[in-house]
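As the structure is a computational prediction, the values presented were derived from the model and not from experiment. Hydrogens, waters and symmetry mates play no part in the numbers below; they use all other heavy atoms, side chains included. Chain naming here is simple, since letters A, B, ... match the order of the sequence lines and numbering starts at 1 in each.
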2 protein chains.
Amino acid sequence: MNRREFGKLTSTTALASLLSARGNAQTPASQDKAHQEHEAAMQSNANLTGGPKLTIAMLAYPGMFLHDLVGPLTMFESLMNRDIHLVWKTKDTVKAGSLVTITPTMTLKDCPDNLDVLFVPGGLPGTQHMMEDDEVLNFLAEKGKTAKYITSVCTGALILGAAGLLKGYKATSYWNTLETLKVFGAIPTEGRVVIDRNRMTGGGVTAGLDFGLALVAKLRNQTYAEAVQLYVEYNPQPPFNSGSPATANKQAKKFIDDMFTPAAKALHATALKVQARRG
Amino acid sequence: MNRREFGKLTSTTALASLLSARGNAQTPASQDKAHQEHEAAMQSNANLTGGPKLTIAMLAYPGMFLHDLVGPLTMFESLMNRDIHLVWKTKDTVKAGSLVTITPTMTLKDCPDNLDVLFVPGGLPGTQHMMEDDEVLNFLAEKGKTAKYITSVCTGALILGAAGLLKGYKATSYWNTLETLKVFGAIPTEGRVVIDRNRMTGGGVTAGLDFGLALVAKLRNQTYAEAVQLYVEYNPQPPFNSGSPATANKQAKKFIDDMFTPAAKALHATALKVQARRG
């Protein structure tokens, strides 16, 4: 790669990182022209590039469902002028699914107050453990006092509920755990994204994309969220129509029920126990 | 947690891991009943739980877009009786986006032949580096000789193209890089998922979910894919309609063009250079 090509590549890289983390991009002299063009473009889009600094904390725990975290993170990483913290008890890696480990970037102890977003993913078996983990529940209850948005995807809502953060609020969860929200005094509400005052909860797993985009619009503005939607080409076209219990192929539904009804029952039993102890 | 509750929890966990990795679940004596019930359910769903062992290799490289990998992985992890390898030159962690590192599970050197799926994610700045990396391109060309499905999401198609794997094939890529596919003799084709013989390419970033589900149906059957769709509640409801250049909010489109047209041009220039050298 010659010098000119390297300049071209790094300026491209700088542009890309500007979208995801404005202010971190390096602009050595060799990139002055690209930088100036970029700055001019940014000026002409001033209503999209502005906005106060945002601080987002995402609980990253062992046994969470990987996409529950990564869906919203995909949208949050597209915000400019933001800090995103993946918070856990330690900075030891946590396993999400069968292959991928996530490295937390901050401990619960170091997590600031006055968060713009407090986010909790779901997933088995982690949700069940988190619902019974007083250190985690106390952390969420404490940060929830000052967080601007208190949020979850999938069964993460059961963890928010166990922490006492959904009492009297409409909320959603993974489809076969919706009724369990009642145990915590929440109002189970069907919906891909359910917003009640400053609580925003998403449905199961992939709902994190719809949730993340809706939250980006709240944090900035709709046009910015629409730019993010184009950036990640979120123009979904599922090849089948089996993504909700109402529309699912009947044999597929029976199969998933056979697999996961016991898990849903176990989560419900845990919810009752936790609520009796802490509620 | 008492002994009975522990049994309940671990059997739940076993059920969950059975869906994601059949055969790995442990079944100690305390879980016999749950295990028997589960086995009975599996029998009644025999056409869904069967199928030959699948081997999937996903290239995991520095500077890939995290969701490009995680979208398809979310669907692939739901397959039973499969090995999924995250392959890279070394087992050192690779960064994907601003926060998350992925740990490869296998080196390129150890990756087997006769893969069921060879998969390449996209993303900046990694795609540009991979298009010029002979070690990676030679690896893909070699594994492509025996892979059952040769696949990509987003700008991963440009890497497949650079490796000579798309010549004469219809393919798609991230929307602003579609024309660059021509450089490699591919036939740029609009579509969320484009299938031509054993090549399956997905559009930008979030298209990985549609792609992954379509591929699961090919690898097993449509009913199984429909079960996976319900499992991950893939019933998308984007809050806005700005996910493709054709429907995007005009100001949002201009903003993204200002940001990423230079990157698309740089990828095109690299494609021309690579093709002149290797094509």
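Residues A:E226 and B:K253 have side chains not in contact (no heavy-atom distance under 4.5 Å, counting atoms from C-beta outward). Residues B:N235 and A:T247 fail the side-chain proximity criterion, which asks for heavy atoms closer than 4.5 Å. Contact annotation: the side chain of B:L209 approaches that of A:L209 to within less than 4.5 Å [non-hydrogen atoms, C-beta and beyond]. A 4.5 Å side-chain heavy-atom check between A:L230 and B:W175 finds at least one atom pair inside the cut-off. Residues A:Q251 and B:L48 form a side-chain contact, since some pair of their non-hydrogen atoms from C-beta on lies under 4.5 Å apart.
Ranked by heavy-atom pairs under 4.5 Å with chain B, the first of A:T206, A:V205, A:N241 is A:T206. Between chain B and the options A:P239, A:G203, A:A207, heavy-atom pairs under 4.5 Å are most frequent for A:P239. With respect to chain A, the highest number of heavy-atom pairs below 4.5 Å among B:T101, B:L69, B:I84 belongs to B:I84.
Side-chain N or O atoms of B:Q229 include one that pairs as donor or acceptor with a backbone N or O of A:F240 at under 3.5 Å. A distance-only check finds no donor-acceptor pair linking the side chain of A:Y234 to the backbone of B:S242 [under 3.5 Å]. Put simply, the side chain of A:D210 gets close to the backbone of B:Q237: a donor and an acceptor are under 3.5 Å apart.
Between A:L66 atom CG and B:L73 atom CG the span is 6.5 Å, to the nearest 0.5 Å. A distance of 4.5 Å separates CZ in A:F65 from OH in B:Y231, rounded to the nearest 0.5 Å.
Under the rule for a salt bridge (Lys or Arg N to Asp or Glu O under 4.0 Å), the partners of A:D134 that lie at least two apart in sequence or sit in another chain are A:R277, A:R278. Applying the side chain to side chain contact (heavy atoms under 4.5 Å, CB included) criterion to A:T270, with sequence neighbours excluded, gives A:Q128, A:M131, A:E132, A:V274.
Proximity to chain B involves both the backbone and the side chain of A:A214, based on heavy atoms less than 4.5 angstrom apart. Looking at A:F211, neither its backbone nor its side chain comes within 4.5 Å of chain B, counting heavy atoms on both sides. Proximity to chain B (any heavy atom under 4.5 Å) is restricted, for A:V100, to the side chain, taken from C-beta onward.
Between A:E77 and B:S98, the closest heavy-atom pair is OE2-OG, 2.5 Å. The nearest pair of heavy atoms linking B:H67 to A:G71 is CD2-CA, 4.4 Å. In plain terms, the two heavy atoms of A:R192 and B:E233 that are nearest each other are NH1-O, 2.5 Å.
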